[in-house]
Amino acid sequence: MALLIIPITCFVIPLATSQTCQTPDDFVAATSPGHVIIGGLFAIHEKMLSSEDYPRPEIQKCVGFEISIFLQTLAMIHSIEMINNSTLLSGIKLGYEIYDTCTEVTVAMAAALRFLSKFNSSGEIMEFKCDYSSYMPRVKAVIGAGYSEITMAVSRMLNLQLMPQVSYESTAEILSDKIRFPSFLRTVPSDFYQTKAMAHLIEKSGWNWIGIIATDDDYGQMALNNFAVQTTANNVCIAFKEVLPAFLSDNTIEVRINETLEKIIAEAQVNVIVVFLRQFHVFNLFSKALERNINKIWIASDNWSTATKITTIPNVKRIGKVVGFTFRRGNMSSFHSFLQNLHIFPSDNNKVLNEYATLLSACAYVKDSDLSQCISNHSQGTLAYKVDKDLERNFSLRNDFLWDYTEPGLVHSIQLAVLSLGYAIRDLCQARDCQNPNAFQPWEQIQSKCSKECSPGQMKKTTRSQHICCYECVNCPENHYSNQTDMDHCLLCNNKTQWAPVRSTACFEKEVEYLSWNDSLAILLLALSLLGIMFVLAIGIIFTRNLNTPVVKSSGGLLVCYVILLCHFLNFASTGFFIGEPQDFTCKTRQTFFGVSFTLCISCILVKSLKILLAFSFDPKLQNFLKCLYKPIPIIFTCTGIQVAICTIWLIFAAPAVEENVSLPRVIILECEEGSILAFGIMLGYIAILAFICFVFAFKGRKLPENYNEAKFITFGMLIYFIAWITFVPVYATTFGKYLPAVEIIVILISNYGILCCTFFPKCYVILYKQETNTKSAFLKMIYSYSSHSASSLAMSHVSLDSSSSNITATNPSSSGRPAAWQESRDIQAQAFAHIRRENAASMSKTLPRKRMSSI
């Protein structure tokens, strides 16, 4: 081959394993100097080689280069470079020390020991102190680790000096415990929310028979337990729970994966499996599941839901459907540009970048689709190969390949972690010279944030910046509350029974309101009702003591008066059912009680109006009609019976009931819901019809004898009734709240007082102050005078008709100015009037028999 003739420089490179840790500096994966150093922990390799002979207390070589974690390392470096190139920390440069944990707790703890070692100490010494307040460690803060198991172990060590630790991926709920992990922070939500969302998804999808696979570390166990609690609450059953070893260095992992797959095959009815695993677990699980043609629905945790390593497995679509949850994404344009220019980025102190370049050189002629597998294969051991040195220096780093493996959610989370530290350092350095490494201790950063802490009663509102750590605090709106600091959103109160003012820290129970007995308006209305009852009793006593007087007899006698007064008494008493806490009994009773009693009252007054019209009517045709119509007892029973029927049907088919009106923001109005507005309207409308008929009869008799003209006062009473209830309709329709019953009470009192006063007060006045007119002789004299006047009017009416039909005219006026014809007409009129009076007297004796005269 011609290419072999080209002279090249050949050398052998040990591939894809991290270098043996000979000195502490060998342990560092990437470093950059600065005034303030930030530590980083990333599982760049998937496992650490175990000792071949017997365990030794040394850090072994790490193998299995993870491209996705390598990209997370680059995201941290890029974020720090962005801050250094911005004006956020003017004059202050951030440096970094990034360590590879090799997915091992022990390696991560070794890195944590170095973080805690004394600054500028040549011997990498970590001093023991009782008080670390003034201790100056090597770094000011730590970003990482990714796995919760490693994060918890490191956090317990960093807690000794309260060194801030910001994780970009650890989601275990236990890390939210500030008592056990006081210096731990994170830019992702805990698993509580993820498991809750998963359980909700499963419930809404109608799945109730599922399996779970998790790791045997703290992350897997806690996620499994939280998810089990959530699913139990949603009536979802778990068919099996399989647990895999957390670390690839565990030799039993292959056996456990095979056993898990056998379990999945055995549980054929389980078609949904929830997976709380790491990427390399899922990669091995799916690879073997494809060999066995397993096809299920897989619910992915945020650890692997967007992992390109999983999506690029050959024929991965045959595994079934994958539904996953992931982190929030941010603007990735800056990081994309960084990857495009990665080949010019200094790699002198970046062993990870050099290792990637070496692996990429080994797979230089491999297609992009197979590049990941090639890197994985080459990173499992030591391999020698030949490479052109000039080619290595200038080769393309295949940036599109890196971009395809980027997980936007995690990159954004790392950017937020770095920026949160950047803002904390900015706040601390406003009054200090942070170019001096001793300017502040790490624990002071815990008190510093990009934005001030939102107090309970407030929520965070993100600004236009993409960084969720920078926000404004806004008050919770009405009927919302927050009871913790820095809440993302306010919680909604139960609007039916609770309320909350603006900026509330809790919900308050709504106060139940109704027209109570001790309310000032209720007391006033009750006083008026009692006053009305006293008037009724007083009138009853007056009428009883003057039973045989013409005024009482002309009112229909004591029985009729007692019935009407009883109705007024019941009407006044019915107002008590509108006051106090509504009960089913009072709601059903108050309208029917008032409706029936008021109808009985109007019916009795209707009979009286009819009786008065009959007594003083001199038209024979009208008298005959009124005689046929005047049946007092049937009229009263019929009119009242119709109202009883209306109320009975109302109570049977749509009875009023107690209702809680929760439409007001701060109170619950306890009120009687009428059941049927139509029935309520029919009841009131029927009373109005009776009142109108009564009004017509009374109006026709308004010109009866002056001292005993009850019809005129009944007319006034009915007018008051109409005015009150016509006003009631719009007022009742527009009134809202606990005073709605008071509107009806007021109308009942007005109409009741109006009818009572107009019906009985004039009679009481005559009885008490006009006793000379309350005698039989005065009564008969008044009747005779009225009858004479009525007969005279009737005679004049007939004479006028006769004279208008005659042809007599005045042609010769006398010297007195009056014609002779006029004098003759007067004579004829006088004779006719005398004749008519004689006939009318006889007619009066027939028309007004003794029995009716006595009743009048």
Got a donor-acceptor contact below 3.5 angstrom from the [X] side chain to the [Y] backbone?
| X | Y | value |
| --- | --- | --- |
| S751 | I748 | yes |
| K510 | V662 | yes |
| D519 | L515 | no |
| K763 | F543 | no |
| Y753 | L528 | yes |
| E203 | A199 | no |
| E660 | I669 | no |
| T599 | G595 | yes |
| Q583 | F585 | no |

Looking only at non-hydrogen atoms, find the nearest pair between [X] and [Y] and report the distance.
| X | Y | answer |
| --- | --- | --- |
| W499 | P665 | CB-O, 3.0 Å |
| Y721 | A691 | CE2-CB, 3.6 Å |
| G532 | L756 | O-CD2, 4.3 Å |
| A679 | S676 | N-OG, 3.1 Å |
| C758 | G717 | SG-N, 3.6 Å |
| T505 | Y481 | O-CD1, 3.7 Å |

Practice item. List in chain and number order the residues that pass side-chain hydrogen bond (donor to acceptor under 3.5 Å, both in side chains) with S663, two or more places apart in sequence or in another chain; answer none if no residue qualifies. Key: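 For S663 the side-chain hydrogen bond (donor to acceptor under 3.5 Å, both in side chains) partners, ignoring immediate neighbours, are N661.
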Point to revise | Residues which pass side-chain hydrogen bond (donor to acceptor under 3.5 Å, both in side chains) with S603, listed by chain and number, not counting sequence neighbours | key: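 Residues passing side-chain hydrogen bond (donor to acceptor under 3.5 Å, both in side chains) with S603: none at all.
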Could you tell me whether the side chain of [Y] reaches within less than 4.5 Å of the side chain of [X], counting heavy atoms only?
| X | Y | result |
| --- | --- | --- |
| I542 | L768 | yes |
| C473 | K461 | no |
| F508 | P501 | yes |
| Y765 | K770 | yes |
| F728 | E744 | yes |
| L670 | E581 | yes |
| C561 | F760 | yes |
| C507 | N494 | no |

Exercise for review: Evaluate whether atom CZ of F722 has more than 12 neighbouring non-hydrogen atoms of other residues, nucleotides or ligands under 6.0 angstrom away.
Suggested key: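 Yes, because the 6.0 Å sphere around CZ of F722 holds more than 12 heavy atoms from other groups.
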**Study point:** F761, CZ atom: more than 12 neighbouring heavy atoms under 6.0 Å
**Key:** yes
Review point. Going by atom types alone, do Q458 and S455 pair a side-chain donor with an acceptor below 3.5 Å?
Key: yes
If I take atom [atom1] from residue [X] and atom [atom2] from residue [Y], how far apart are they, to the nearest 0.5 angstrom?
| X | Y | atom1 | atom2 | answer |
| --- | --- | --- | --- | --- |
| I633 | T638 | CD1 | OG1 | 11.0 Å |
| L719 | F695 | CG | CZ | 4.5 Å |
| I682 | I689 | CD1 | CD1 | 10.0 Å |
| L749 | L524 | CG | CG | 9.0 Å |
| K204 | N234 | NZ | CG | 9.0 Å |
| C672 | L740 | SG | CG | 10.0 Å |

Side-chain polar contacts of residues 569-578 - donor-acceptor pairs under 3.5 angstrom, sequence neighbours left out - could you list them?
unit_1 : atom_1 : unit_2 : atom_2 : d
N571   : OD1    : S597   : OG     : 2.6
N571   : OD1    : F598   : N      : 3.4
N571   : ND2    : C567   : O      : 3.2
N571   : ND2    : N752   : OD1    : 3.1
S574   : OG     : N571   : O      : 2.6
T575   : OG1    : S529   : OG     : 2.8
T575   : OG1    : F572   : O      : 2.6

Run the side-chain donor-acceptor check on residues 645-655: report pairs under 3.5 Å with partners two or more places apart or on a different chain.
unit_1 : atom_1 : unit_2 : atom_2 : d
T648   : OG1    : V644   : O      : 2.7
W650   : NE1    : A654   : O      : 3.1
W650   : NE1    : E674   : O      : 3.0

Check your understanding: Going through the checks in order, is the side chain to side chain contact (heavy atoms under 4.5 Å, CB included) test met by R666 and E478?
Key -> CA-CA 10 Å; R666 298 191 178 188; E478 192 173 8; 4.0 Å; yes
**Study point:** Y739 and L521: CA distance, side-chain angles, deciding distance, side chain to side chain contact (heavy atoms under 4.5 Å, CB included) verdict
**Key:** CA-CA 9 Å; Y739 291 110; L521 179 58; 3.5 Å; yes
Practice item. Before giving the answer on side chain to side chain contact (heavy atoms under 4.5 Å, CB included), spell out for I564 and H568 the whole-Å C-alpha distance, their side-chain angles and the decisive distance to 0.1 Å. Key: CA-CA 6 Å; I564 296 176; H568 284 297; 3.7 Å; yes
Check your understanding: What do the steps show when you test I579 against L526 for side chain to side chain contact (heavy atoms under 4.5 Å, CB included), and what is the final call?
Key -> CA-CA 9 Å; I579 300 173; L526 285 173; 3.5 Å; yes
**Study point:** For C476, all residues meeting side-chain contact (heavy atoms from CB on, under 4.5 Å), sequence neighbours excluded
**Key:**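 side-chain contact (heavy atoms from CB on, under 4.5 Å) check on C476 returns H480, S482, C490.
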Would you be so kind as to tabulate the donor-acceptor pairs closer than 3.5 Å made by side chains of residues 730-737, with sequence neighbours excluded?
unit_1 : atom_1 : unit_2 : atom_2 : d
T734   : OG1    : P730   : O      : 2.8
T734   : OG1    : V731   : O      : 3.3
T735   : OG1    : V731   : O      : 2.6

